[in-house]
Amino acid sequence: MINKPDPAEIDFSDVIWEKSPFSGGSDNCVEFGVIGRFIAIRDSKTPTQTPLVYTRAEIAALLDGAKSGAFDHLR
């Protein structure tokens, strides 16, 4: 198991944030950014709030689930 860093102790100032092209350019989505071996996620409406940090395996599982339709009921 990979030990994740405490997000409160990470400097996110150099992160390049990306959001889905399906967001329509609005600030009503989540943004992803790479932090070394980890992926950070933040709410685009509150970019100053501390992001959540996940392993690449966790993000892969999330994306695989989304691609397979596992979360379609949440729309």
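We count residues from 1, following the sequence as given. Quick note: numbers below take in every heavy atom, side chains included, and nothing from hydrogens, waters or symmetry partners.
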Practice task
Go through the structure and list residues passing side-chain hydrogen bond (donor to acceptor under 3.5 Å, both in side chains) with Glu18, not counting sequence neighbours.
Solution key: none
Fill in the blank from the handout: When every non-hydrogen atom of Lys19 is compared with those of Cys29, the smallest separation belongs to CD-SG, 3.2 Å
Which atom pairs, donor and acceptor, lie under 3.5 Å between side-chain atoms of residues 64-75 and protein residues at least two apart or in another chain?
residue	atom	partner	partner atom	Å
Ser68	OG	Asp64	O	3.4
Ser68	OG	Gly65	O	3.0
His73	ND1	Ala70	O	3.4

Exercise for the section: Mind checking side-chain hydrogen bond (donor to acceptor under 3.5 Å, both in side chains) for Thr48 and listing every partner two or more places apart, or none if nothing turns up? Expected result: none
Handout entry: Pairs involving residues 33-43, ordered by first then second residue, that meet salt bridge (charged side-chain N to carboxylate O under 4.0 Å, His left out) (sequence neighbours left out)
Key = Glu31-Arg42, Asp43-Lys45
Output side-chain donor-acceptor pairs under 3.5 Å for residues 2-17, partner residues at least two apart or in another chain, one line each.
residue	atom	partner	partner atom	Å
Lys4	NZ	Glu58	OE1	3.2
Lys4	NZ	Glu58	OE2	3.3
Asp6	OD1	Ala8	N	2.9
Asp11	OD1	Ser13	N	2.9
Asp11	OD1	Ser13	OG	2.7
Asp11	OD2	Ser13	OG	3.3

Handout entry: Val34: hydrophobic cluster co-members (side-chain, 4.5 Å)
Key = Val30, Phe32, Ile39, Ile41, Leu52, Tyr54, Ile59, Leu63
